Amino acid sequence: MSVLSILKERGFIEDLTHTEELEDYLTNNRATCYIGFDPTAASLHVGSLVCIMALVHMQRHGHRPIALVGGGTGLIGDPSGKTELRKIITQEQIDGNKKGIKNQLARFLDFSDDKALLLDNAQWLTKLEYIPFLRDIGRHFSVNRMIKAESYKARMDSEDGLTFIEFNYMLLQAYDFMQLGKSYGCFLQMGGSDQWGNIVAGVDLIRRTVGKQAFGITFPLITTASGIKMGKTHKGAVWLDAEKFSSYEYYQFWVNTDDADVVKFLALFTFLPMEEMKQVKHLEGADLNKAKAILAYEATKICHGEDAAIKALQASVSMFGSLEISNDLLPGSSIPRGTHCVTSDNSVPSSSYTKKDIGKIPVVDLFMNVGLCKSKSDARRLVKQGGAYINGNRIAVFDQMILENDVKDNAILLRAGKKKYHKIILN
RNA sequence: GGUGGGGUUCCCGAGUGGUCAAAGGGAUCAGACUGUAAAUCUGACGGCUCAGCCUUCGGAGGUUCAAAUCCUCCCCCCACCA
């Protein structure tokens, strides 16, 4: 089965250029393809996961993926899909962010022996000279056409307008593609559906300057069944960096998937065979939660490794109760089968306190210090509304102190609302 | 450069001297119901030493017993014209 059919089958394809030629190209060549990543944060988040997974699929089929970090374009900011002017960030920030992104991508892609490349467009963009650029590249672009591009149109119509540097983004991205084509034989660019205009511009530029056929693929914008762009939680973005978003929280994020999205997400974010997913469609009620556990397990395994996934699974079980995974449910998954029972060993977020603090700290302070609440008022409110628990017992008064008999096995388990836990370990 | 319209709590957006910590909606959070889902209902949603107090309505001054609301200057945004 060709990569293209696989991507299509798993729901990755929104749009593509030259369907048949691209199919040929991918079956007869060891293709090099690229996706750009913005270095605006030190970590990638779930929003980029579709792109990352697509690159992994390409690599699994013997093609060579390039992750292009936009060190040069990051200095400008892409207006696509943005409703307002993006903050321009400094070179130092970009450099720092680049390192983080590299580390994360290395968890998904094999960079050994140039099986995948990580490049930075600052390499060539910062060397550009204005006049030659206008003469060699700018002449190929029609402003009339550019302003019709969806990415610009929205901004042209909005009150905020579009600045000239943002307007140039399309040319720079097209130039990137051309550079990658010339220097690395890369003639396929992929990206989110908001990148269509930029990708097509690159395809055109390559045809006009290099005289070669280039291709583009865009992925759909993944929204949850409730219509919200996926990847946002109470904590903001769901980061792929374990420091910013623990593997337990990452696992929980996936477990909390909307019923209607389970199959879609299994296809996009795991490598489990498509035929196995057919049975998941028929699951209902509590049984569907088992499929969610597998989705969470697989997604966590891909991003944080198998050990982290098992730990997250155990932590989840000890918080939310035992879970039985039968042998015939999604057999392709390496999730440990059988019944998972509550154990003491888990990897719930925790912090350490000394024993002498007992009896001195009001619970409200504890909830705040530990990060479960953002202010004392917030904690007070939580208690008042009955959402604060110690070891599973609801706290009745906000000025309650932590006492000796709250300590169990040298630890205290705090809970805010239904799903947020934090463990206090005493020493 | 000219003319007009704006900048309100996470976002949108009401509010034009006291009844304003500021309507309404969204987002978010808690409770109920559940399956760690969705939908629904209820409540909360600046901070604190919490039946009270303190700090907020672009910024700095001023008028007033009292200002998000009036005056002055400044900064920023938008539209149209040049």
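Computed from a predicted model, the values in this text were never measured in an experiment. Proteins come first, then strands; the chains are lettered A, B, ... in the order of their sequence lines, and each starts at number 1.
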Taking only residues two or more places apart in sequence, or in another chain, which ones meet A/Asp357 in a salt bridge (charged side-chain N to carboxylate O under 4.0 Å, His left out)? none
Send over the distance from [X] [atom1] to [N] [atom2], rounded to a whole Å.
{"X": "A/Arg415", "N": "B/rC29", "atom1": "CZ", "atom2": "C1'", "value": "14 Å"}
{"X": "A/Lys418", "N": "B/rA32", "atom1": "NZ", "atom2": "C1'", "value": "8 Å"}
{"X": "A/Lys292", "N": "B/rU34", "atom1": "NZ", "atom2": "C1'", "value": "11 Å"}
{"X": "A/Asp378", "N": "B/rC48", "atom1": "CG", "atom2": "P", "value": "9 Å"}
{"X": "A/Asp261", "N": "B/rU36", "atom1": "CG", "atom2": "C1'", "value": "16 Å"}
{"X": "A/Ile325", "N": "B/rU36", "atom1": "CD1", "atom2": "P", "value": "14 Å"}
{"X": "A/Asn289", "N": "B/rG35", "atom1": "CG", "atom2": "P", "value": "9 Å"}
{"X": "A/Asn256", "N": "B/rC29", "atom1": "CG", "atom2": "P", "value": "11 Å"}

Criterion side chain to side chain contact (heavy atoms under 4.5 Å, CB included) against A/Leu44, the qualifying member of A/Phe37, A/Trp239, A/Phe108: A/Phe37
Establish whether the base of B/rG35 is bridged to the side chain of A/Asp287 by a donor-acceptor pair shorter than 3.5 Å. no
So for A/Ser377 and B/rC45, does any side-chain atom that can act as donor or acceptor lie under 3.5 Å from a complementary atom in the base? no
With both distances under 3.5 angstrom, what nucleotide forms a Watson-Crick or G-U wobble pair with [N]?
{"N": "B/rU28", "answer": "B/rA44"}
{"N": "B/rA79", "answer": "B/rU3"}
{"N": "B/rA66", "answer": "none"}
{"N": "B/rU34", "answer": "none"}

If we take the [atom1] atom in both [N] and [M], what is their distance in whole Å?
{"N": "B/rC73", "M": "B/rC65", "atom1": "C1'", "result": "26 Å"}
{"N": "B/rG58", "M": "B/rG5", "atom1": "C1'", "result": "16 Å"}
{"N": "B/rC76", "M": "B/rC29", "atom1": "P", "result": "38 Å"}
{"N": "B/rA51", "M": "B/rC70", "atom1": "P", "result": "35 Å"}
{"N": "B/rG7", "M": "B/rC12", "atom1": "C1'", "result": "14 Å"}
{"N": "B/rA39", "M": "B/rC33", "atom1": "C1'", "result": "11 Å"}
{"N": "B/rA22", "M": "B/rG6", "atom1": "P", "result": "25 Å"}
{"N": "B/rU8", "M": "B/rU55", "atom1": "C1'", "result": "16 Å"}

Please check if the distance between the ring centroids of A/Phe271 and A/His57 is under 6.0 Å. yes
Which pairs would a plain distance check flag for residues 378-386 of chain A, meaning a side-chain donor or acceptor within less than 3.5 Å of a matching protein atom at least two apart in sequence or in another chain?
{"from": "A/Asp378", "atom 1": "OD1", "to": "A/Arg381", "atom 2": "NH1", "distance (Å)": "3.3"}
{"from": "A/Asp378", "atom 1": "OD2", "to": "A/Lys374", "atom 2": "N", "distance (Å)": "3.0"}

Taking for each residue the nucleotide of RNA chain B bearing the nearest heavy atom, is the 5' side occupied by A/Ala260 or by A/Asp365? A/Ala260
So which one's nearest nucleotide on RNA chain B is more toward 5', A/Gly321 or A/Met368? A/Gly321
Please list, pair by pair, any protein nitrogen or oxygen found under 3.5 Å from a nitrogen or oxygen in nucleotides 20-22 of chain B.
none

Candidates [options] - which lies nearest the side chain of [X]:
{"X": "A/Arg394", "options": "B/rC48, B/rG31, B/rU36", "result": "B/rG31"}
{"X": "A/Ser375", "options": "B/rC48, B/rU36, B/rC29", "result": "B/rC48"}
{"X": "A/Val255", "options": "B/rU36, B/rC48, B/rG35", "result": "B/rU36"}

Show every side chain to side chain donor-acceptor pair (under 3.5 Å) that has at least one partner inside residues 264-286 of chain A, sequence neighbours left out. none
Inter- and intrachain pairs under side chain to side chain donor-acceptor pair (under 3.5 Å), touching residues 128-143 of chain A, at least two apart: none
Hits for side chain to side chain donor-acceptor pair (under 3.5 Å) against A/Ser326, two or more places apart or cross-chain, chain-then-number order -> A/Asp328
Please classify the nucleic acid contact of A/Gly285 as base, sugar-phosphate, or nothing, using heavy-atom distances under 4.0 Å. base
Under 4.0 Å between any heavy atoms, over every strand shown, what does A/Glu284 touch: base, sugar-phosphate, or nothing? Just pick one. nothing
Keeping A/Thr218 on the side-chain end and A/Gly191 on the backbone end, is there a donor-acceptor pair under 3.5 Å? no
Has the side chain of A/Asn121 got a donor or acceptor atom that lies under 3.5 Å from a matching backbone atom of A/Asp176? no
Test side-chain contact (heavy atoms from CB on, under 4.5 Å) applied to A/Ile147 - qualifying residues, sequence neighbours left out: A/Val143, A/Met156, A/Phe167
Which pairs count as salt bridge (Lys or Arg N to Asp or Glu O under 4.0 Å) when at least one residue sits in residues 360-370 of chain A, sequence neighbours excluded? A/Asp365-A/Lys376
Got a sec? Which of residues 380-392 of chain A come in under 4.0 Å of RNA chain B, heavy atoms? A/Arg380, A/Arg381, A/Leu382, A/Gln385, A/Gly386, A/Gly387, A/Tyr389
Residues, nucleotides or ligands: over 12 heavy atoms within 6.0 Å of A/Arg337 CZ: yes
Would you say B/rC10 has OP1 or OP2 under 4.0 Å from some side-chain N or O of A/Lys374? no
